[in-house]
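What follows is a short report on a single structure.
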Amino acid sequence: MAIPWIYIEDIPKTKKEEIELRGWLANKRSSGKIVFLIIRDGTGFIQGVADLNNFTQEELEKIEKIPLESSIIVQGKVREEPRAPTGWEIYLSKVEVIYISQEYPIQKKDHSIEFLMEHRHLWIRSRKQQAILRIRSEIIKAIRDFLDERGFVLVDAPILTPSSCEGTTTLFELDYFDLGKAYLSQSGQLYMEAACMALGKVYCFGPAFRAEKSKTRRHLTEFWMVEPEMAYWDWQDNMRLQEELISYVVQRILERKRRELEILERDIKPLEGILPPFPRITYREAVELLNRKGIPFQYGDDFGGDEETIISQEFDKPVFIHHYPAKIKPFYMQPDPENPDLVLNNDLLAPEGYGEIIGGSQRIHDLNLLEEKIKENNLPREAFEWYIDLRRYGSVPHSGFGLGIERTTAWICGLKHVREAIPFPRQIYRIYP
RNA sequence: UCCUCGGUAGCUCAACGGUAGAGCGGCCGGCUGUUAACCGGCGGGUUGCAGGUUCGAAUCCUGCCCGAGGAGCCA
């Protein structure tokens, strides 16, 4: 009978003793007449042991010389072994080299971030990077499961767009045949507003592009965002959905990605308490909080990274900040009926200093008010004609938000920089690899 | 765009005006339970680029290039 090919993560579940593994040589050690091979196959790592019982002296010397990251197929008996790094090992009977690797540039030593970013295509093979990418994948799955279970419809927004959503200074521009300029989307929101009037509860999930010359630990020029939009929901319904979504995602990761969080040495205590309700403070209360802390902050300014950190450190859960001054927010946000200088919006700041992960609001549903705002903001009316149209045909109050995938991943994984939260980051000074 | 820091061996760094060095990786050898294994040996350089000061420049000066940390803006 053929020896079955098993993935490393399935080893504890399988009852097979004699198995085959297909993977790569992640590390090796040798002690003369015994050779230890650390094998990875994408699902995990396991130590393989080769000695003179199964191999000749000559074969053992060959095995000892296989370069790191060579692709190998091995066979042997698996067993629990306390001396092995993962508690399991495979006692090898056959080692077949598929492809001999050249000298692998990434060592098990410290590297500069510049070097690692230059070798991102190889860096993702490292244990921690694999753990991050697995968690990212599960976060996306959890978000989609949450929304799908609640009757939301996935509606894909276009990437090539004729105009901007939030402003005109931060767009990537390209030529679009004879129709002039087109731009890479910086948000699918306006299209989701159209879609929610068709389908009730919708969301889009996709990349967003910002040509901002931002160079911080929280910025990428290309990032992924999920943007739900709900007809007939007001700004408070909106916040309830947000806190339920974030809690669902965090609890899912704690439940299914424990091992990855351990590899990342993430302290999971702060994550365990992420359950509704989240604290809610107004913009004015946030300003007062800063001033009480001795931070000279003017009412009417927008919060910077430092301010967000200080505010979020006051709470052990994500915190909503709502009712911002209309002046510092985009044109489409619904003014507060009790004070039109404020808008019915909210940001959500992640704890532990991770800053803004969500921006959301109730949208303007009144035709005249929207037209007024477009005029006030000197936006090209022609480009927004279809958007204005939504207010002509059965307009209703509606709300939505955008959740940044990389910032959320960075927070849950405990990363210092969002560039590790996406497979191939795009930054102002880096587009390679 | 602005401020700050940096660029020396494949990698991480030292040498700070006087002959460019170490650790790791690689290669050769040793070791039957290693955990970033360990021990011995051997190779490895246009000091980011261009110019200047000096008897002499990796080191001082000017300009440029490329990164990193941060700010503004934002998810």
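Just so we're on the same page: letters track the sequence lines, and every chain starts at 1. Since the model is a prediction, treat every value here as computed from it, not as a measurement.
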Review point. Is A:Arg127 touching bases, backbone alone, or none of the nucleic acid, heavy atoms closer than 4.0 Å?
Key: nothing
Exercise for review: Would you classify A:Glu89 as touching base, sugar-phosphate or nothing, given that sugar-phosphate means primed atoms plus P, OP1 and OP2, and contacts are heavy atoms under 4.0 Å?
Suggested key: base
Review point. Checking all strands, does A:Glu118 fall into the base, sugar-phosphate, or nothing category for heavy-atom contacts under 4.0 angstrom?
Key: nothing
Check your understanding: Which nucleotide in the set B:A68, B:G33, B:U1 lies at the smallest distance from any side-chain heavy atom of A:Glu81?
Key -> B:G33
Exercise for review: Using the C1' atom as the reference point in each nucleotide, state the distance between B:G52 and B:A15 in Å, no decimals.
Suggested key: 24 Å
**Study point:** Any donor-acceptor N or O pair under 3.5 Å, side chains A:Tyr91, A:Asp51
**Key:** yes
Check your understanding: Could A:Glu420 and A:Lys128 be called an ion pair, given the rule that one side-chain N must be under 4.0 Å from one carboxylate O?
Key -> no
Revision key, fill the gap. Atom CD of A:Glu64 and atom P of B:G33 are separated, to the nearest Å, by 14 Å
Check your understanding: Can you tell me how far C1' in B:A14 sits from the matching atom in B:U8, rounded to whole Å?
Key -> 9 Å
Exercise for review: Taking atom C1' in both B:A22 and B:G44, compute the distance separating them and give it to the nearest angstrom.
Suggested key: 13 Å
Check your understanding: NA contact type, A:Gln47, heavy-atom cut-off 4.0 Å: base, sugar-phosphate, or nothing?
Key -> base
Exercise for review: Under 4.0 Å between any heavy atoms, over every strand shown, what does A:Ser30 touch: base, sugar-phosphate, or nothing? Just pick one.
Suggested key: base
Review point. How are the rings of A:Tyr387 and A:Phe384 set relative to one another: parallel (under 30°), tilted (30 to 60°) or perpendicular (over 60°)?
Key: perpendicular
Exercise for review: Scan A:Phe36 against the nucleic acid and name what it touches under 4.0 Å (heavy atoms): base, sugar-phosphate only, or nothing.
Suggested key: base
Check your understanding: A:Tyr429 on top of B:G67's base, within under 5.5 Å and under 30°?
Key -> no
Review point. Can you tell which of B:G33, B:C74, B:G26 lies closest to the side chain of A:Arg218?
Key: B:C74
Exercise for review: Taking only the side-chain heavy atoms of A:Lys33 (C-beta and beyond), determine which of B:G33, B:U32, B:A68 contains the nearest atom.
Suggested key: B:U32
Study note, to complete from the structure: Closest of B:G10, B:U12, B:A68 to the A:Ser112 side chain is B:U12
Check your understanding: Looking across every strand, which nucleic acid part, if any, lies under 4.0 Å from A:Asp347 by heavy atom: base, sugar-phosphate, or nothing?
Key -> nothing
Study note, to complete from the structure: When rounded to whole Å, the CG to C1' distance for the pair A:Leu349 and B:C74 reads 13 Å
Review point. Just how far, in rounded Å, is P of B:U1 from NE2 of A:His219?
Key: 17 Å
Exercise for review: Mind checking A:Leu68 for me? I need base, sugar-phosphate or nothing, with any heavy atom below 4.0 Å counting as a touch.
Suggested key: nothing
Practice item. Tell me what A:Gln57 touches on the nucleic acid: a base, only sugar-phosphate, or nothing, going by heavy atoms under 4.0 Å. Key: nothing
Check your understanding: In terms of side-chain heavy atoms, does A:Tyr203 have a donor or acceptor partner in A:Asp148 at a distance below 3.5 Å?
Key -> yes
**Study point:** Nearest-nucleotide 5' precedence on RNA chain B, A:His417 against A:Gly305
**Key:** A:His417
Exercise for review: Would you indicate what A:Pro105 reaches in the nucleic acid, counting non-hydrogen atoms under 4.0 angstrom: base, sugar-phosphate, or nothing?
Suggested key: nothing
Exercise for review: Classify the side chain of A:Ser214 and the base of B:C73 as holding, or not holding, a donor-acceptor pair under 3.5 Å.
Suggested key: yes
Check your understanding: What about A:His111: does its side chain form a donor-acceptor pair under 3.5 Å with the base of B:C11?
Key -> no
Review point. Do A:Glu260 and A:Arg266 sit within salt-bridge range, that is, some charged N less than 4.0 Å from a carboxylate O?
Key: no
Check your understanding: Between A:Glu314 and A:Lys293, is there a side-chain N and carboxylate O pair less than 4.0 Å apart?
Key -> yes
Check your understanding: What integer number of Å spans the C1' atoms of B:G7 and B:U59?
Key -> 14 Å
Check your understanding: RNA chain B: A:Gln427 or A:Leu348, which has the more 5' nearest nucleotide?
Key -> A:Gln427
Check your understanding: Counting any heavy atom closer than 4.0 Å, what does A:Ala84 reach on the DNA or RNA strands: base, sugar-phosphate only, or nothing?
Key -> base
Point to revise | Salt-bridge contact A:Glu243-A:Arg280 (side-chain N to carboxylate O under 4.0 Å) | key: yes
Revision key, fill the gap. Looking only at B:G67, B:G72, B:G69, the nucleotide nearest the A:Lys215 side chain is B:G69
Point to revise | Selected nucleotide, minimal atom distance to A:Glu103 side chain, candidates B:G26, B:G67, B:U32 | key: B:G26
**Study point:** Base of B:G10 paired with side chain of A:Gln102 (donor-acceptor, under 3.5 Å)
**Key:** no
Review point. Hey, is the side chain of A:Arg407 pairing donor to acceptor with the base of B:C74 inside 3.5 Å?
Key: yes
Check your understanding: Contact class for A:Glu356 (heavy atom, under 4.0 Å): base, sugar-phosphate, or nothing?
Key -> sugar-phosphate
Exercise for review: Return the nearest nucleotide to the side chain of A:Met225; candidates are B:G72, B:A75, B:A68.
Suggested key: B:A75
Practice item. Sticking with atom C1', work out how far B:A57 lies from B:U12, rounded to a whole angstrom. Key: 25 Å
Review point. Under 30°, 30 to 60°, or over 60°: which ring-plane class applies to A:Phe172 and A:Phe209, parallel, tilted or perpendicular?
Key: perpendicular
Review point. Which one, B:C73, B:G33, B:G29, comes nearest to the side chain of A:Lys65?
Key: B:G29
Practice item. Describe, in one word, how the ring planes of A:Phe297 and A:Phe303 are oriented to each other, choosing from parallel (under 30°), tilted (30 to 60°) and perpendicular (over 60°). Key: parallel
Review point. Which is true for A:Leu220 with a 4.0 Å heavy-atom rule: it touches a base, it touches only sugar-phosphate, or it touches nothing?
Key: base
Revision key, fill the gap. Tightest non-hydrogen contact, residues A:Glu406 and A:Trp224, listed as OE1-N, 3.0 Å
Point to revise | Whole-Å P distance, B:G10 and B:G18 | key: 25 Å
**Study point:** C1' spacing across the pair B:C16 / B:G56, given as an integer number of angstrom
**Key:** 15 Å
Exercise for review: Indicate the ring-plane relationship of A:Trp235 and A:His323, choosing parallel, tilted or perpendicular according to the 30° and 60° boundaries.
Suggested key: perpendicular
Exercise for review: For RNA chain B, produce a single dot-bracket line, 5' to 3'. Pairs: Watson-Crick or G-U wobble, both distances under 3.5 Å. Symbols: ( ) within strand, [ ] crossing, | other strand, . unpaired.
Suggested key: (((((((..((((....[..)))).(((((.......))))).....(((((..]....))))))))))))....
Check your understanding: For atom P, what is the distance between B:U47 and B:C28, given to the nearest Å?
Key -> 30 Å
Exercise for review: Indicate, with a heavy-atom threshold strictly under 4.0 Å, whether A:Glu308 touches base, sugar-phosphate, or nothing.
Suggested key: base
